[in-house]
Amino acid sequence: MKFNIKRILILFILLFVIGSVAIETSVQTVSGDSLHLKDYTNEIQNLNEPYKFIKTDYFKPITHLSFTNKPVTRYYQLTLKKVKMSPDGFERPVWSVNGQHPGPLIQANKGDRLVLNVTNNFDDPATIHWHGMFQHGTNWYDGVPGQTQCPIPNDVSLVYNFSTTDQHGTYWYHSHFFAQYVDGLRGSLVVHDPDDPYLNQYDFEYLVVLSDWHHNTTGVLLPLQDAPGYSGLRPIPDSPLISGLGRYNCTAAPPGSKCKSNQPLAVYNVKKNKKYRFRIINSSADGVFVFSIDQHKLKVIEADGIYLKPTIIKKLPVAVGQRYSVIVDANQPVGNYFIRGTLDKRCTPINNATINFNSAIDWNGLGILHYEGAINKPNSKEFDDDFTPCRDLDKKHLNPIKPITKYDGHVTDFVNITITFGRDKNQRLKALINNSSFVPQMNDPTVNKITRDIDAKDLPKEQNSVIFNHNGGIAEIYVKNNNGADHPFHMHGHVFAIMYVGEKGEVHDKSKYNKRNPVVRDTLTIPGNGFVVIRFITDNPGVWAFHCHIEWHVELGMVLGIIELQDTLKKETIPEDVVALCLEHDLQKRTTRKMLNSIVINEIRSYD
Ligand code: C2O
Ligand code: CU
């Protein structure tokens, strides 16, 4: 260990020998969590239980946790380490979790508490965001550098500790530090529900983590996009991956690289006449994935944690950050069938200044649905499209199982935002929200500022703050997209109701809002030159990012900071070990500069 960790921090840091399991001995203070717990208590049980070092075979059915009478606390170890891997045959360093990519599945049952010891051995700072988890009362565990925490320095551990409260469904986790998740730090998170209405409609459960994949690290790609005068579009990937596996034609690989063509495909095994729930996550940097299984229709039952009225589709478009559950009936003749995880080329614009514009990518990612006993080679035919390209799955397939009516009422706060692109004085490309490009203050996150009694209206302009102070109110956001690209926007800390999605040229008409039975989720696509109107309930004190989930756009500044119920937030105390991460300013300055020298790091405030 090269550096000295100051005072308090030492108490909380677990030194971790790689590959071994650490025993937590210090007692954690658990703050917050008084909200929304209703039927669930959150007692911490078995504090001395070791953190479980988990690995997940994505091609085996999920082994369920057994349901318990009382919520339990589940301790998991997540060790971040760069390892050489060849997901599509091409070898490169991968920012892995517990040595794997995608990272292991984190499982809990509804009401359980997750205590996750994240040990950073990346040599870069890191954070983890638990995409879709509300973090009621634990805003500082949301994992967003500059908004909710300082990054975890190398060789330091942070324990994330939050309750799943009444949430259930399919989620994921990923780094929120620069574009680190695109280099590999992403994995799946599932909260099982004993009251799941579909629980007895399937026999087994599988996870499908879809992602685009680049042969260059984002340490190479981001500075290219950030170069003065860059006139290309979002970087073009090299492969689509299905649960970490893809295929690349190595004749296109640069000389000297290690590359093997014809890698094994992702194979999901099924038994004839059994039913399978597939949980599908798009964890890409950018692209829309279209998921389908030849000759097998999909019964859609969940979107972003919300139970749906079941409908049947052939193909499932999934934008970045979105999740779905579908039930697949293995009722076809015993055989091998293609699973298709196609990156939809139609949704990825390109010009010849674009980074990696001459990529040798095969956009048609393939896997295999293998029936037990099948010996034939798959030669199944793809279904025809039954969806609108580059749009979210149609709302007729997204009706909540029971209409959710709480968004129909008096709007207490209304915010109008406009998305554009522009250039700064150095001719660097920027994404602008109401004319302002977001810049995180990595060393002094917004939530730290609020708890120091800085009023949200006095936050620096480039924090892109929007303020909501009505406890239990209904907030409405109108987002106008003045740009031709579609943007999949994700809100932290909430789900939202979709009042309207407007295409290019459509007039904004309030009488068309879907107040009675809106689609409710946490990530939606805003059409190019179109608009959306969403509503959410302001009941979760915190600083919540609301941003395009195209990681290249995040890095250009397409991020808002929702400051919700600051009067309550002010009174909360951020755990000392989280605050202490901000003391590591020298280290952060060094490593952050190394990664991307265009970001302004402000002077650190001392917490002594
Ligand atoms: Cu997947 Cu800011 O989120
Ligand atoms: Cu975008």
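First listed ligand is number 1; within each ligand, the first listed atom is number 1.
- When atom types are taken as modelled, the side chain of T354 and the backbone of I350 share no donor-acceptor pair closer than 3.5 angstrom.
- For the side chain to side chain donor-acceptor pair (under 3.5 Å) test, residues two or more places apart in sequence or in another chain that qualify with E503 are R391.
- A salt bridge links D385 with R346: the distance from a Lys NZ or Arg NE/NH1/NH2 to an Asp or Glu carboxylate oxygen falls below 4.0 Å.
- Remark: E302 engages R277 in a salt bridge, criterion side-chain N to carboxylate O under 4.0 Å.
- Protein N/O/S atoms found under 2.8 Å from atom 2 (Cu) of ligand 1: H176 NE2, H492 NE2, H547 NE2.
- A salt bridge does not link K110 to D196: none of the charged side-chain nitrogens sits closer than 4.0 Å to a carboxylate oxygen.
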TODO: Tell me, with the steps shown, if V190 and Y171 meet side chain to side chain contact (heavy atoms under 4.5 Å, CB included).
DONE: CA-CA 6 Å; V190 170; Y171 300 89; over 6 Å; no

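- Around the Cu ion (ligand 2), the protein atoms of type N, O or S that sit closer than 2.8 Å are H487 ND1, C548 SG, H553 ND1.
- None of H176, H214, H549 except one satisfies the ring-ring contact (aromatic ring centres under 6.0 Å, His included) rule with Y181; the exception is H549.
- Within 6.0 Å of the NZ atom in K82, the count of heavy atoms belonging to other residues, nucleotides or ligands exceeds 12.
- Within the structure, every pair that satisfies the ring-ring contact (aromatic ring centres under 6.0 Å, His included) test and touches residues 420-443, not counting sequence neighbours, is listed here: F421-H553.
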